[in-house]
Structures are given as C-alpha cells and as structure tokens.
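Notes follow once the structure below has been shown.
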Amino acid sequence: MARLNDQVAALLQEYADLLLLTGGDAYRARAYEKAARAVGGHPDDLAALDAKGLQQIPGVGKSTAEKITEYLATGRVAKLEQLRAEIPAGLREIMAVPTIGPKKAALLHRELGISTVDELRAAAETDRLNDLPGLGARTAENIRHGIDQLRAGGGRVLISTATELAEEIVAAVSAAPGCERCGHAGSLRRMRETIGDVDVLAVAEDSAPLMAALTDLPQVTEVIATGTTKTSVRTTAGLQVDLRVVPPGDWGAALVYFTGSKAHNIALRARAVRAGLKLSEYGLFEADGGRKIVSATEEEVYEALGLSWIPPTLREDRGETDAALAGELPDLVQESDICGDLHTHTDLTDGLAPLEAMLAAAADRSLAYVAVTDHAPDLAMQRMTDAKMLAQREQARALDRRYRGLRVLHGTELNIDRDGNVDWLPEFLAGFDLCVASIHSHFTADRDTQTRRLIRACENPYVHVIGHPTTRLLGRRPPIDVDLEAVYEACARTGTVLEINASPERLDLGDQDILAARRHGVRFAVDTDAHAVPHLANLRYGIGTAQRGWLTADEVVNTWPLQKLRRYLKKKS
DNA sequence: GCCGTTTTCGGCCCGACTGTTTTCAGTCG
C-alpha cells in the first residue's frame, strides 16, 4: 500500500484530470495538480494534521483541505466519486496516449462514444476519426502510432540507461561544426530515479549541422519532429531525445528552462513576474519594454531573481526557492566527499570480481576505505560457511593498506528473515568490522510483519546498516509494505544507518523517503552494493538521490574519516 | 482553487510544433 501522502496525491491528481476531461476551469485543475505535488512531497504524515495544519501546506487551501479531511475520515471523496461516475475510467488512460490531451479525449468520447484505448485503436483503424472537427488523416495515424508506443512500454527507463545515451548524444552533437557548447538538461540533470526522455541543449549560430548530427546517429530510429530550434527523435532504447539549439549568449536561461522541473520553472517565473520581469528560455527580460537583463549563465539568472544558484537536484519546487532566498540552501553532499563504500561483494558469493580486483578498483577511485560485505549463510544459494568467511577475513587483513593505503573493513551482508532475525550467533557477528542487514525474501508479508521485522533488525547490536530498505526494483518490484516512519524512529534511536543503495535498479531509499527519514535525525550511507568493478561507478546515482533528499555530507557516514566512522559503529555494539 | 512587499479580486508560465486551420486550438514540456 502506498504511503498515505502518496495516496492523497494520486487522488488529487485524478481529480484534476477528471476536471479537465469535463471541460472544467483549467486553473482550477492546475490548483489541484499543484496541491497533489505538495502533498506527495510533504514530509509529515497527513494523518497527523487537522484542517488548519493541512492549509499550512503551500498550494493546499480550504477546499483541498476539506477533501483531504473527508478522505481521512471516510476513505472517500464525494466530489471525486461524482466525477468518476460521470467519466469512464478508460478516458484517463486515453490521455496517456501521446498527442491526446483532455480536449481530444473529451471530443472522442462525446462524438464517438470512445472510452477505452482499445476502442480508440479500433476507431483509428477506420475513417471514423476524420469526420470530427479538427481531426484529419494525420491525426488518426499519430494516434495509432502513439498507442503502439504506449503499448511497447514507452514508459520510463533507468537513470543509467538514459545517462549512457545522453553521453553518446552530447559527444556527437559537440563534434558538429559550429557547436559552441552542449550538455544534457531535463530530469536527467536533476537525477530523477527514472527518466522519461532525454533533453539535450546546445549553443550554435547555425543549428542545422547540430540537428543533422543527432538525426544521423545510428541509435535514432525515428525523427518525430524537426525545426530550427528543436528536433525530437526516438532511439533504439525506446527513449525520446529532444535537442534544443539556442543562440550564443542564451545558454544560462535555456539551461534553467530545460532543466526544469516544470514546477520549479513556474515558481521562478512567478517570482520574475512579481519583480516586473519575464523569464523564458531566451533570458530574463523587463516585462514592459522587453529589454533583456541576463541570459548567459544560470548563476546570473538566479542572481537577477534575488536567489543564489540552486543545484539541479533540488529543482522540484519543494521549498528550494524560499531556501535560496533566505540563503539557507543545504551544502549538498558531493561525490568527492565520499571516503568509502560500505556495501560491496566479491566472487566469494555472487560478485564477479575477486577480492584483490575489487580493492584495487576501489583504490583507483581514490576511496580511503571499503567494506567487503559478502552474503551470509542464510541465503543458501550463496553457499557461505564460517570457514570461508574467516578465510576471507584473513585475506582482507593481509591486503589492508596494500592498495594505495586503502583500509579494508571486513563485513557481511546479513539476511533479515521473516521475523527480523539475522544469520549467525552474536559471538561470530562480533568478529566483523561492519554488518549490513537486508531483506531478500517474503516481499509480500503484511505491513505489521515487515515493520516489526525491520525494527528488530535495527535493534540488533551487531547490525550497523540496513541495506536497500524498501527492496524495491524500479519498474519491476514495488517497495515492501512497511511503516517507514516507525523504522526511521528505530534507526534514530539505535544509531542504525539507512542505506541509499546506488544501484540504478534500486535507488533505495528514494528521495522522498530520505526527506522523511532525515527529519528523524537518521544517518545514511551511500553505497554501491557493487557486484562487479564497474558497479563502483554507480556511486554517482546514489549521490544524486541523496542530493534530491537534501542531504549534507555530515549526514552521510561514509563521508567521514575512518576513525570517526569506527567510533560511531563501535557505539552500537 | 489558490494566493497577496501595490492586490481579498483578478490574475494564474510561456513558447514551439503540429495539424488543420486561412488565423488557430491542442498538446507538450
């Protein structure tokens, strides 16, 4: 079951969609969309708030607060039920088809009685769509194509997939004649956990060679649209790429604009309007007269709006503009702050590389320490034994300081069973420098069981870190159903560290959970869970996620020098 | 529906592209 705040956010978003489908006031719908975002991103549990408290959330007014209170009390919202009764559920799904928005969806339903994607598909196969005002032959073709894309899982991809593609495209466009500057923007620059499309921005007097460099790439399967300022293509990865080319001098304003998020841009624009200015991708202008004030760098744009530069990972309209105004932006943890990795595997269990190779690679990445944490016996398929583990410990001790002074911590990744117990007896556990404990089974146990299970693990004096706490796999497995607030409380109470697993398939904890956990004073570890040498480079995705959770270096224990970390770990057992 | 460093009313971000239009509506980001 989703977190209460997320449930409410989904209801408010649905309400906004249904308002649009019934031709309601667009501003009213936008107000609900904004409230949905605000509620989803709100750190406190809504159940703890009364109507007064709810209205303290920016974007939530009297009417929205009433709907939330009604939902909390009765589990329903009468106005929403009313709209649901009026509009077939499938119409919302139709809006997910590219080129179909609320207006076309409503028109299709009103004129042709279409209320599901399948019915739309059938209608697009015939000439029935051509009779509608404003729809022609191309429209039907676009709809057929859009449905194909949707069905092909045209959803979001992992950040690693998008990063690799973006780097190839930036390299190709940068090499085009006349390209003065090129980089990626969009949700990828903000380091969202999954990516819907890749935005690339470039600077040139003449855009044509740059557009050609993109459309000529072998990864491009289809050119969706092309003009002098924007070209959109689809790639073999199934991912859409938008390339925008702006004139020299407009880089900063364009980068702000195309980095987003949309909500952040709206907040910036509203701020500009209040100051008698107008912000677009071409610069910051005086509202009357239109004189350009700045556009060359992001720093200039933010400064002219009275704000310090806001890191892209914070640009989600979660209070970052207010913080920038007050000079209270967090000093975000950087990849260069990381001194060690506390969760890695070798070929002793399911890793690919031998211990020496992992240590050498960690040293090459300039880490000061690394914990080797192979699986423990309860994961039977890993065939771990006491003897094997002790032999590895001896080997680890022998290799300590051998690679550029790298310190080696001998650890393990314990398995948290259904009742919250872990592998081995206390006497054996006491021999490890560090223990990570994670859930690897019973993903569908009920909420009470999962909560009890994780709290029990936190209370184990030998468990230092909870690995991938929700066990979600992005796009494949949902997070376990657990009372995370209770787990955060237990972590804070026992000094147990929560992992931010940097594997692009996990990114667990995610940014919203981090924001909630840090309010309990929890400490975090950004770990790669590397099962191979290249996985050590995934650290950047974990750092991006930590930044999206507003974390500073001090809140992340593996930015600490080894001595300080050891003292912290010792306090527990 | 929400909101306020001119405002408790009257605004609410802005531009590109597409398709079907002879001047614009819808969608998208």
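The basis for the numbers below is simple: all heavy atoms, side chains too, and nothing from hydrogens, waters or symmetry mates. A note on names: the letters A, B, ... follow the listed sequences, proteins ahead of strands, and every chain is numbered from 1.
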Considering only the [atom1] atoms, how many Å lie between [N] and [M], rounded to the nearest integer?
| N | M | atom1 | answer |
| --- | --- | --- | --- |
| B/dT23 | B/dT18 | C1' | 15 Å |
| B/dT8 | B/dC3 | C1' | 9 Å |
| B/dC12 | B/dC17 | C1' | 24 Å |

Subject >> 5' to 3' contact window, DNA chain B with chain A (heavy-atom distance under 4.0 Å) >> reply: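 From 5' to 3', the first and last contacting nucleotides are B/dG1 to B/dG29.
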Original post:
If each of A/Thr139 and A/Gln240 is mapped to the nucleotide of DNA chain B with the nearest heavy atom, which maps nearer the 5' terminus, i.e. the 5' end?
Top reply: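 Closest to the 5' end, via its nearest nucleotide, is A/Thr139.
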Sort and list the pairs that fulfil side chain to side chain donor-acceptor pair (under 3.5 Å) and have at least one residue in [range], not counting sequence neighbours.
| range | answer |
| --- | --- |
| residues 133-147 of chain A | A/His145-A/Glu222 |
| residues 200-210 of chain A | none |
| residues 98-110 of chain A | none |
| residues 246-266 of chain A | A/Arg189-A/Thr259, A/Asp250-A/Lys292, A/Asp250-A/Ser295, A/His264-A/Tyr302, A/His264-A/Glu320 |

Subject >> side-chain hydrogen bond (donor to acceptor under 3.5 Å, both in side chains) partners for A/Thr215, two or more places apart >> reply: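 A/Thr215 satisfies side-chain hydrogen bond (donor to acceptor under 3.5 Å, both in side chains) with no residue once adjacent residues are dropped.
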Original post:
In residues 96-121 of chain A, which residues come under 4.0 Å of DNA chain B by heavy atom?
Top reply: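 A/Val97, A/Pro98, A/Thr99, A/Ile100, A/Gly101, A/Pro102, A/Lys103, A/Lys104, in order of number.
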**OP:** Using heavy atoms and a sub-4.0 Å distance, could you list which residues of residues 14-24 of chain A are near DNA chain B? By number, please.
**Re:**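 None, since no heavy atom is under 4.0 Å.
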**OP:** Please determine if A/Glu66 and A/Lys79 form a salt bridge, counting it only when a charged side-chain N lies under 4.0 Å from a carboxylate O.
**Re:**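 A salt bridge is absent here (no side-chain N lies under 4.0 Å from a carboxylate O).
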Go through the structure and list residues passing salt bridge (charged side-chain N to carboxylate O under 4.0 Å, His left out) with [X], not counting sequence neighbours.
| X | answer |
| --- | --- |
| A/Glu316 | A/Arg190, A/Arg548 |
| A/Asp118 | A/Arg151 |
| A/Asp337 | none |

Side-chain atoms of residues 162-175 of chain A: list all donor-acceptor pairs with protein atoms under 3.5 Å, sequence neighbours left out, distances to 0.1 Å.
{"from": "A/Thr163", "atom 1": "OG1", "to": "A/Ile159", "atom 2": "O", "distance (Å)": "2.6"}
{"from": "A/Glu167", "atom 1": "OE2", "to": "A/Arg540", "atom 2": "NH1", "distance (Å)": "3.2"}
{"from": "A/Glu168", "atom 1": "OE1", "to": "A/Gln219", "atom 2": "NE2", "distance (Å)": "2.6"}
{"from": "A/Ser174", "atom 1": "OG", "to": "A/Val170", "atom 2": "O", "distance (Å)": "2.6"}

